[in-house]
*Asks:* 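Following this message is one structure expressed as structure tokens.
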Amino acid sequence: MVKVTFVTPHGGRVFAQAEPGEELLHTAQAAGMPLEGTCEGQMACSTCHVVVRPDWFDKLPPASEDEEDMLDLAAGVARTSRLSCQIVLTAEMDGLEVRIPAESHDMRRL
């Protein structure tokens with residue numbers, strides 16, 4: 001299992017586990033994080049935007065040009081921003097920590 005820590009917009013910490021091969025977006029949604037993922041991983045939106053803790057950012061596979069283009073549209077973007085739908089968890093990512101931007105809203109939960 002891969003352990004992931006989500007830091008909520010209010011500074012709380014939510015701990016989750018996932019199988020290797022699972023997308024970070026699905027792990028976040030299962031943990032109750034407000035990430036909508038409207039495009040279902042097609043990189044046509046930025047509703048699954050997360051900010052990766054800096055010491056983890058360079059350990060992840062680099063973002064594609066398409067992902068970088070979508071991040072240009074994300075609210076609250078930071079230097080270590082990524083789309084959670086593009087991060088496929090591996091055993092080497094055990095302990096990964098990401099922050100949910102304050103601007104994140106899951107319209108499915110209104």
Side-chain angles (χ1 to χ4, degrees):
M1 294 298 275
V2 181
K3 295 179 186 118
V4 179
T5 302
F6 297 98
V7 179
T8 69
H10 303 291
R13 299 171 89 68
V14 175
F15 303 99
Q17 292 187 20
E19 293 289 336
E22 184 173 323
E23 291 176 5
L24 182 60
L25 171 60
H26 297 142
T27 305
Q29 289 173 332
M33 297 296 97
L35 298 178
E36 193 170 322
T38 303
C39 73
E40 299 181 3
Q42 300 302 308
M43 283 193 291
C45 73
S46 59
T47 61
C48 69
H49 165 231
V50 296
V51 180
V52 177
R53 194 173 78 189
D55 61 323
W56 274 100
F57 185 75
D58 290 330
K59 296 176 185 177
L60 300 178
S64 68
E65 188 173 323
D66 288 339
E67 181 179 354
E68 292 286 350
D69 289 345
M70 287 312 310
L71 286 167
D72 288 341
L73 305 173
V77 72
R79 185 187 70 77
T80 61
S81 288
R82 292 292 304 268
L83 298 179
S84 61
C85 69
Q86 297 303 301
I87 298 174
V88 178
L89 297 170
T90 65
E92 292 76 28
M93 293 179 195
D94 188 45
L96 176 66
E97 181 174 304
V98 299
R99 180 174 52 82
I100 308 299
E103 297 82 1
S104 293
H105 300 286
D106 187 347
M107 299 302 286
R108 300 171 305 151
R109 295 181 186 215
L110 290 179

*Asks:* Taking the side chain as everything from C-beta on, heavy atoms only, tell me whether S46 gets closer than 4.5 Å to L71.
*Replies:*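 Contact flag for S46/L71 side chains = no.
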
*Asks:* Kindly say whether T38 contributes a backbone atom to a donor-acceptor pair with the side chain of T47 at under 3.5 angstrom?
*Replies:* yes

*Asks:* Would you say the side chain of M93 lies within less than 4.5 Å of the side chain of K59, judging by non-hydrogen atoms?
*Replies:*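 No. Closest side-chain heavy atoms not under 4.5 Å.
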
*Asks:* Using 0.5 Å steps for rounding, measure from the CG atom of L89 to the CE atom of M1.
*Replies:*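 L89 atom CG to M1 atom CE measures 10.0 Å (nearest 0.5 Å).
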
*Asks:* Got T5 and R53 here, is their nearest side-chain heavy-atom distance under 4.5 Å?
*Replies:*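 Contact flag for T5/R53 side chains = no.
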
*Asks:* Are V14 and V98 connected in a single hydrophobic cluster, I mean Ile/Leu/Val/Met/Phe/Trp/Tyr linked by side-chain heavy atoms less than 4.5 Å apart?
*Replies:* yes

*Asks:* So, for V52 and R82, which heavy atoms are closest and what is the spacing to 0.1 Å?
*Replies:* CG2-CG, 3.9 Å

*Asks:* Between P101 and A75, which heavy-atom pair has the shortest distance, and what is it?
*Replies:*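 P101 and A75 have their closest heavy atoms at CB-O, 4.4 Å.
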
*Asks:* Report yes if some heavy atom in the side chain of I100 is under 4.5 Å from a heavy atom in the side chain of P9; otherwise report no.
*Replies:*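 They are in side-chain contact.
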
*Asks:* So, taking the atom named CD in Q86 and the one named CD in E23, what distance separates them when rounded to the nearest 0.5 Å?
*Replies:*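 Here the interatomic distance stands at 7.0 Å.
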
*Asks:* Would you say the side chain of S64 lies within less than 4.5 Å of the side chain of M43, judging by non-hydrogen atoms?
*Replies:* yes

*Asks:* Quick check against the 3.5 Å criterion: does T80 have a side-chain atom that pairs as donor or acceptor with the backbone of P54?
*Replies:*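 No, the answer is negative, given that no donor and acceptor are paired below the 3.5 Å cut-off.
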
*Asks:* Minimum heavy-atom separation for V51 to G76, with atom names?
*Replies:* CG2-O, 4.4 Å

*Asks:* Kindly work out whether a path of hydrophobic side-chain contacts (I/L/V/M/F/W/Y, heavy atoms less than 4.5 Å apart) joins V50 to V7.
*Replies:*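 Unlinked, V50 and V7 end up in two clusters.
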
*Asks:* Verify, without hydrogens or angle tests, whether E67 (side chain) and L83 (backbone) share a donor-acceptor contact under 3.5 angstrom.
*Replies:*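 Yes: the side chain of E67 pairs with the backbone of L83.
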
*Asks:* Can you confirm whether more than 12 heavy atoms, excluding those of E40, are under 6.0 Å from its CD atom?
*Replies:*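 For E40, atom CD is not crowded (no more than 12 foreign heavy atoms under 6.0 Å).
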
*Asks:* Side-chain contact, heavy-atom cut-off 4.5 Å: D72 with V77?
*Replies:* no

*Asks:* Taking the side chain as every heavy atom from C-beta outward, state whether L35 and S84 have any pair of such atoms under 4.5 Å apart.
*Replies:* yes

*Asks:* Any idea which heavy atoms bring F6 and M33 closest together, and the distance?
*Replies:* CB-SD, 3.6 Å

*Asks:* Check each of L25, I87, L24 against C48 using the side chain to side chain contact (heavy atoms under 4.5 Å, CB included) test, and report the only one that passes.
*Replies:*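 It is L25; the other options fail the test.
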
